[in-house]
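Inspection log for the structure reproduced underneath, given as structure tokens.
Every number for a ligand or one of its atoms is a count from 1 in the order of the listing.
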Amino acid sequence: MALNVLVTGGAGFIGSHTTVALQQAGYQVVVLDNLCNSSLAVLQRIEQITGIAPGFVQADIRDQHALEAVFQAHKISAVIHFAGLKAVGESTQKPLDYYDNNVNGSVQLLLAMQQAKIKTFIFSSSATVYGDPQELPITEQHPRSVTNPYGHTKLVVEDILESIYKAETGWRIARLRYFNPVGAHPSALIGESPQGVPNNLMPYVAQVAMGQRSTLQIFGNDYDTPDGTGVRDYIHVMDLAQGHVAALHYCQQQEQDLLTVNLGTGQGYSVLDMVRTFEEVSQAKVDYEIVARRAGDIAACWADTTLAKQKLGWQASKNIKTMCEDAWRWQLAMTP
Ligand code: NAD
Ligand code: WQD
């Protein structure tokens, strides 16, 4: 019998791609999302791709009654928790919104799970918990440090999960630390839809290539990296989605466990690498100017992926060119 999985934030960027991957792996998905950063259309698009409409509940993870109702209506075996706010800059302006959504929201969800006796939980953490890396590649043992409220919410929820794991037997928890998710489903039916000016590099580059924005500002070319621009471990969102399926399989096989694992490719690319690859695949010019470093940015960051291979039997397979091609196809499809 197919296992039912609750995906919070399943209408969002990573959640929608993971819902597709879960359905294609034979799971039945119920999405719970308040649509604060996504739209209903995404659910129809998921159905178009997989031929299966996921269950959908429009609700907030802080709404205990809604959670109770979902757990009563569906026999949920596991929860994959994406719902939350994710803009680093905004988190410094509105810290309480971030602590309420991301920390209180996770606590409310976990309380409802505890009551419903559901003990399999996969959490969207972030490489941001490593702060400015002391060593590359970054292993899961690297000390954690954060410099903004968003990062702090991830760190706190990681700690809450550890406390629960120590306090009660039977929990199967995966804390997945994503590096830089980019790209889109190859069908161009789902992808990332940033509201307003994109904070992240890839959607910004795509909008410049499209002619929607005139110039990319590159935040610094004086870092200690091969070409002076920032280096990151970009990972295709479909690879990331498969990483969640692998983590769920892993959890199902354990009696109890607390797994913390990096999801990245293990390879770093600079801002200029990204610009050049995007120009090549789109055949469009990406004009840029070098400006001052962005506050809080680090020079370079990429993952040690050994543990993910060892524990999950998972590794990323899509290269930077495919990431840019799929992001470009999505950008073209989104533009009227
Ligand atoms: P997203 O904004 O596209 O998706 C989040 C979804 O959660 C949205 O559909 C939103 O409507 C929903 N949501 C937010 N608050 C909610 C609430 N209180 N109740 C119910 N639904 C709510 O973001 P994403 O990029 O898909 O990120 C998913 C998760 O992964 C987040 O927790 C994020 O912090 C984490 N993460 C993202 C990145 C990244 O670069 N995208 C990197 C590391 C970690
Ligand atoms: C990548 C590179 C920038 C925009 C952020 C969060 C992190 C995680 C992923 C959630 C850097 C440069 C960018 C631009 C640029 N999210 N850049 N011009 O900063 O690595 O990570 O998203 O957990 O927490 O901090 O990603 O895409 O913003 O930047 O030059 O207009 O591109 O300086 O070197 P980042 P990014």
[X] and [Y]: side chain donor to acceptor below 3.5 Å:
X	Y	answer
D257	Y250	yes
Y130	N262	yes
Q115	Q64	no

Tell me whether R232 reaches ligand 2 (any heavy atom closer than 4.0 angstrom to a ligand atom).
yes
Can you find a non-hydrogen atom of Y269 under 4.0 Å from ligand 2?
no
For D233 and T265: C-alpha separation, side-chain torsions, deciding distance, then whether side-chain hydrogen bond (donor to acceptor under 3.5 Å, both in side chains) applies.
CA-CA 6 Å; D233 185 339; T265 65; 2.8 Å; yes
Quick check on [X] - does any of its heavy atoms sit under 4.0 Å from an atom of ligand 1?
X	value
E192	no
S125	yes
G105	no
G10	no
T8	no

Report the part of [X] in contact with ligand 1, treating N, CA, C, O as backbone and CB onward as side chain, heavy atoms under 4.0 Å; options are side chain, backbone, both, neither.
X	answer
N101	side chain
R62	side chain
A59	backbone

Does ligand 1 come near enough to [X] that some N or O of the ligand is less than 3.5 Å from an N or O of the residue?
X	value
C36	yes
A11	no
L32	no
I61	yes
N200	no
L85	no
S126	no
F179	no
Y178	no

Examine [X] against ligand 2 and note whether any of their N/O atoms are separated by less than 3.5 Å.
X	result
V271	no
Q217	yes
N200	yes
L201	yes

Please tell me whether Y178 and H244 form a close aromatic pair, meaning their ring centres lie under 6.0 Å apart.
yes
Quick check on the hydrophobic clustering: are M202 and I298 connected, directly or via other members, by side-chain heavy-atom contacts under 4.5 Å?
no
What part of [X], side chain from CB on, backbone N/CA/C/O, both or neither, has a heavy atom under 4.0 Å from ligand 2?
X	value
Y178	neither
Y288	neither
N180	side chain
L216	side chain

Among [options], closest by any non-hydrogen atom to [atom]:
atom	options	value
atom 8 (C) of ligand 2	S91, G220, S126, C301	S126
atom 36 (N) of ligand 1	Y234, Y98, F123, Y150	Y150
atom 6 (C) of ligand 2	N148, N221, V88	V88

Regarding K86 and E192, does a basic nitrogen lie under 4.0 Å from an acidic carboxylate oxygen?
yes
